[in-house]
Amino acid sequence: MTNSSSSTGMIEFRGVNKWFGTLNVLRDITLSVEPREVVVVCGPSGSGKSTLIRCINGLETIRDGDLVVDGQRLGDPATNMARLRTEIGFVFQSFNLYPHKTALENVTLAPIHVRKIPRAEAEKAGRELLAKVGLADKVNAYPAQLSGGQQQRVAIARCLGMRPKIMLFDEPTSALDPEMISEVLDVMVAVAEEGMTMMVVTHEMGFARKVAQRVVFMDAGAIVESGTPDEFFSHPKTDRSRAFLSKILRH
Amino acid sequence: MTNSSSSTGMIEFRGVNKWFGTLNVLRDITLSVEPREVVVVCGPSGSGKSTLIRCINGLETIRDGDLVVDGQRLGDPATNMARLRTEIGFVFQSFNLYPHKTALENVTLAPIHVRKIPRAEAEKAGRELLAKVGLADKVNAYPAQLSGGQQQRVAIARCLGMRPKIMLFDEPTSALDPEMISEVLDVMVAVAEEGMTMMVVTHEMGFARKVAQRVVFMDAGAIVESGTPDEFFSHPKTDRSRAFLSKILRH
Amino acid sequence: AGTLDDITKRGELRVAVQTQGPPFSLVGAAGERTGSSVELAELMAKEMGVKITFLDFDWDGLIPALLSGKADLLVADMTPTLARAMKVAFTKPYMYTGSTVFTKADGKFKSTEDCKAKGTRIAVLLGATGEKEAKTAFPDAEIKSYKGGGPLLLDAVNNGQADCGVNDVSAVKGQSTAYPAGSFTIMPDMLSKEPLAFATRYDEQDLLIWMNLFLDQVSLDGRLQKNLDYWVNSDDWKKDH
Amino acid sequence: MIWQQLQSLAGSYPLALRGLGMTVMLSLISLVLGTLIGFGLGILRTGGNRLISSVIGAWVDLIRGTPFLVQIFLIFFILPELGIELDAFSAGIIALTNLAACFICEIVVAGIRSVPTGQVEAALASGLSRWQRMRQVVLPQAMRIVLPPLVGQYVLLIKDSSVVSAIGLTDLTRVGWLVVQRVPNGLLVFFLVGLGYFIVCYPLIMLARRLEQRIGAAHGEVQL
Amino acid sequence: MLENFSFRTIVEYLPLFGQGLVTTVWLSLLSFAGALAVGILLSAMNLQRGWLFRVPAKAYIDAVRATPLLAQLYFLYFGLPRLGIILPELVVGILALSLNSGAYVAEIIRAGILSIPRGQVEAGVASGMTYVQRMRLVILPQAFKVTIPPLLGQAIVLVKDSALLSLIAVAELTRAGQLLASDRFMPAEGFITIAAFYLLLYYGLKGLAALSGRWLGQAGART
Ligand SMILES: Nc1ncnc2c1ncn2[C@@H]1O[C@H](COP(=O)(O)OP(=O)(O)OP(=O)(O)O)[C@@H](O)[C@H]1O
Ligand SMILES: Nc1ncnc2c1ncn2[C@@H]1O[C@H](COP(=O)(O)OP(=O)(O)OP(=O)(O)O)[C@@H](O)[C@H]1O
Ligand SMILES: [Mg+2]
Ligand SMILES: [Mg+2]
């Protein structure tokens with residue numbers, strides 16, 4: 001905590017900007033996520049949601065502004081990124097399962113090698129997690145042998161298995177059917193209630209209403225609106241969010 | 001049409017079974033899709049939906065039963081699969097864009113080389129299609145430079161660009177936000193109204209209600225129920241589908 | 001201290017050889033190293049009262065071995081040309097030989113004159129003196145320089161890839177014995193007369209003087225002639241190796 | 001005549017065995033060492049340190065770009081001028097190991113670069129250390145790309161080991177040259193030499209194929 | 001050997017080195033073109049599902065890879081005449097190098113093709129492309145990128161292997177150095193000059209590989 005800041009935020013964006021070539025993909029992002037808070041990020045496709053949460057564990061570098069995670073400033077030479085990342089779980093939009101490892105191995109790899117949990121114990125926990133997301137019978141299947149939704153559930157289990165302080169989910173239920181969505185969300189809710197900090201990119205408004213303390217709405221790289229789910233859904237403040245919400249409700 | 005059958009179905013499954021090792025992923029599927037019909041396939045994750053539609057263009061082979069598409073029996077030596085496939089568009093659950101081609105090239109590749117459409121014409125059509133799915137400004141971007149939802153829209157445009165007789169969509173809107181979903185579905189609806197035969201794996205019940213003539217509900221490799229959207233949503237016949245629907249509605 | 005002192009102190013004479021084939025240097029059926037030059041070198045070590053160590057290099061490694069001091073002297077059927085002598089010190093010649101022309105016995109090339117026809121394919125060894133002589137003797141012919149030893153030339157002529165071969169006469173005689181008798185016609189006339197000598201370095205003057213003396217001695221007492229008669233001038237060696 | 005040649009050849013079998021032994025020893029030692037060093041160099045080279053990476057790159061280029069014969073000459077004949085005296089066998093091992101390491105380095109680099117970035121990101125995100133990322137995620141996937149050319153390289157190196165005859169080691173090829181002087185049937189002699197190499201190399205190729213199939217099966221092999 | 005290093009003699013021999021270099025270059029170019037052709041053919045055979053093409057291709061690849069070029073050269077140069085086929089040295093040389101390198105190229109191409117994700121093949125199949133179109137438009141362009149570094153490696157091996165052709169009387173670069181070594185007894189001058197020329201060729205090849213990589217690779221690196 002050498003470079004801790006005055007704020008108590010678990011994740012602190014202060015005037016963050018990012019460019020891809022000439023595209024200003026994150027514009028002046030200022031956002032503070034408190035410990036134990038659950039934040040839902042939504043917004044149109046291409047608005048920069050994935051980029052936003054990829055910045056938090058340093059998969060993307062930012063051009064200017066400060067980003068402080070768990071008291072440590074990213075980009076600071078004193079920050080041990082590998083250590084920090086063990087405290088941040090991440091579920092990728094495209095899963096990124098390890099193709100050469102079975103479902104169980106995908107889940108236990110980091111616990112065994114990073115957390116140094118004994119193999120037997122890690123495997124027991126891994127099996128339980130996979131069972132929780134409905135994959136008890138696919139423990140030994142390779143990713144290529146799994147359906148899209150099954151792969152996504154392995155990815156979620158892989159993240160949960162690390163028991164990090166912060167969890168970042170990038171559209172974690174996109175490949176799931178409604179039935180499975182609610183089961184997986186239940187697992188996530190249970191985790192959230194254990195006191196984890198979560199940022200979830202999702203358009204599952206049911207989930208947002210149920211567990212989120214805050215909804216952040218992004219458009220064209222900027223945070224357009226941010227508020228409690230109630231505020232956001234019932235009294236959207238900007239035209240942009242009203243338009244977005246009307247589509248959801250209509251549909 | 002040497003091996004045409006008595007039925008007029010555009011896609012005809014007759015007692016189809018498929019195994020992956022010991023797993024009976026498709027059980028006794030019998031299903032007939034009429035020309036110009038739009039069928040929505042839904043069901044829990046891992047129930048065999050992707051496998052079902054992958055069989056239709058021969059990406060998976062079946063063990064027994066008959067599968068007749070556009071009057072041609074799959075697996076029959078007389079069937080020219082490459083020819084047949086030019087009439088079947090397919091949108092993959094995992095997109096499978098060509099990473100070495102730009103968005104536009106992804107869309108025009110098959111029209112130019114398979115349909116032999118002059119390049120200029122194909123590119124004009126491609127640009128229009130990409131604009132329709134909201135990607136006018138990403139025409140020259142490579143897949144790696146696109147967000148998840150943008151990739152998915154390129155995949156849809158790539159399929160539409162072939163103007164096939166039959167279109168198969170595997171969760172075509174999973175990576176999209178609600179706003180974009182409705183826009184893309186509008187494009188698909190417009191296409192459907194031009195008289196295409198469509199099978200769509202999706203859990204967008206809005207889409208199902210709006211354009212589907214029929215909803216097929218699968219579980220554990222078998223078709224559990226099949227009926228008009230009205231019948232299915234209002235009066236599900238089986239316990240299984242009732243349970244599934246209750247989750248959707250609750251959530 | 002001179003080279004001879006070093007050799008005495010070491011108790012070992014290090015001789016670089018190239019196992020290029022009978023009759024000068026070869027490996028017998030049982031794997032033993034032998035041949036005319038090899039026996040002469042052994043004789044040298046005996047006279048010095050030290051043991052001998054052969055370092056077996058192929059052609060590419062032979063001169064570096066001498067120049068880098070890995071070997072004290074170099075024993076191979078080497079022609080002491082003036083150009084070469086700019087780099088290494090040769091002893092006085094211990095025998096004379098020369099390049100000769102050979103052809104396949106049942107072929108249409110019967111004499112050296114036949115081989116001078118335009119377009120004749122002449123096989124020679126890369127870098128050997130025969131290569132140069134062939135160029136002057138057969139200006140209209142096509143010279144093919146092979147690498148890898150005399151037997152390869154015989155093989156090439158025998159197979160019809162070349163019409164005539166040019167190589168050292170002793171080598172040709174020695175090596176053709178491995179073929180059925182009468183496979184080759186070896187022309188009696190020689191293209192040239194060339195000396196053969198041992199080589200050492202110019203910074204080893206003492207060794208050079210000693211070797212020259214050695215050659216004088218063995219030719220006086222007949223041991224040189226005995227060696228050459230056994231190995232070069234007859235097929236006697238074939239009985240024993 | 002053939003019969004007589006065969007008889008003469010049969011007599012040379014101790015020599016042939018010695019040559020084969022030399023070839024096997026030289027290649028075995030230098031392949032093992034070369035693989036270890038080559039993987040190390042490859043990993044270092046992709047490790048992100050500019051300086052290390054370009055130094056390795058320059059060395060690899062130098063070695064890959066020049067004939068092996070010249071390298072072995074420099075080690076055996078020129079190094080002594082700098083006071084490093086080596087016997088022929090050590091010089092051969094050092095030269096071959098260095099050659100192997102450099103070629104394998106390039107192969108490993110290409111393999112590592114072929115692993116999709118998403119995989120590295122997934123490993124980063126779960127906090128695996130640099131070495132764990134390599135060991136658990138990147139290398140196993142890179143091996144698919146690496147294995148075929150790696151074995152190709154092994155086999156090439158076994159054959160390259162014949163160059164050591166230039167510094168006086170009697171390997172299998174050299175034995176061929178020695179024998180052909182007494183048995184002037186190059187075709188036959190070098191057929192047998194070829195056979196000798198085949199006996200050494202073929203099991204290696206088979207082993208690689210087996211491994212490749214195992215890796216491939218786990219990945220869900222492409223059906224073209 | 002180095003203290004008396006004579007640049008003057010090297011300059012004297014430069015024309016000879018020049019000729020050798022030219023021979024090595026065009027010989028290697030032709031042989032590599034041949035190797036690519038042989039390699040593509042073999043890998044296409046090797047990737048067939050039926051055994052009729054696959055088995056002979058595999059057998060050929062294994063046999064060539066497991067035996068030294070020297071033996072193969074012997075077989076072609078001295079063996080073919082026994083069957084009544086006498087070819088000029090250069091033809092035999094190019095043939096031997098092509099056939100030899102082709103086996104390695106085949107393995108490299110196969111590995112490159114197998115590294116393409118299955119989804120890519122399926123995308124091609126699903127849009128009705130024929131096998132050839134799929135290969136040409138989807139698989140090979142992606143495979144080539146993975147393949148270029150090992151192909152470069154093979155090209156270098158081939159260029160250096162071409163030195164073996166001096167065995168059958170083809171006058172290439174290495175021979176020029178050997179002449180200097182055996183006429184003048186200046187091995188250091190001879191061999192170091194050869195090395196410098198080969199290094200030159202190597203960087204040339206590397207530049208070409210980088211160019212073709214950029215040309216084929218464009219930007220689509222990840223996913
Ligand atoms: N190559 C394979 N080998 C073995 N099993 C497989 C293979 N591909 C799919 N399966 C299994 O077949 C079943 C059906 O898979 P399928 O992809 O059709 O499901 P799905 O209905 O599309 O599911 P989702 O909605 O999650 O995409 C799953 O249980 C899956 O694990
Ligand atoms: N590597 C890249 N190079 C250039 N542009 C990129 C790159 N990655 C993303 N972009 C662009 O940045 C913008 C934001 O991308 P991002 O992935 O963050 O969107 P998103 O909000 O997650 O969208 P989606 O909901 O579709 O996943 C998009 O317009 C995308 O095209
Ligand atoms: Mg995204
Ligand atoms: Mg699916």
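Below, chains carry the letters A, B, ... as their sequence lines are ordered, and counting in each starts from 1.
Here A/L59 is the residue among A/N57, A/L168, A/L59, A/T86 with the most heavy-atom pairs under 4.5 Å with chain D. Put simply, of A/T102, A/V91, A/L109, the one with the most heavy-atom pairs under 4.5 Å next to chain D is A/L109.
Counting only distance, with no hydrogens or angles, the side chain of A/K49 and the backbone of A/G43 share a donor-acceptor pair below 3.5 Å. For the pair A/N106 (side chain) and A/Y98 (backbone), a donor-acceptor distance under 3.5 Å is present.
For D/Q136, the parts lying under 4.5 angstrom from a heavy atom of chain A are both the backbone and the side chain. For A/R83, no part lies under 4.5 angstrom from a heavy atom of chain D. Only the backbone of A/L97 comes within less than 4.5 Å of a heavy atom in chain D; its side chain stays farther off. For A/F92, the part lying under 4.5 angstrom from a heavy atom of chain D is the side chain only.
Checking D/Q71 against D/T66 by side-chain atom types alone, a donor-acceptor pair falls below 3.5 Å.
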task: Apply side chain to side chain contact (heavy atoms under 4.5 Å, CB included) to A/L67 and A/C55, showing your working.
output: CA-CA 8 Å; A/L67 176 48; A/C55 285; 3.9 Å; yes
- request: Determine, step by step, whether D/I43 and D/L139 satisfy the side chain to side chain contact (heavy atoms under 4.5 Å, CB included) criterion, reporting the C-alpha distance in whole Å, the side-chain angles of both residues, the deciding distance to 0.1 Å, and the verdict.
  value: CA-CA 9 Å; D/I43 290 169; D/L139 282 184; 4.0 Å; yes
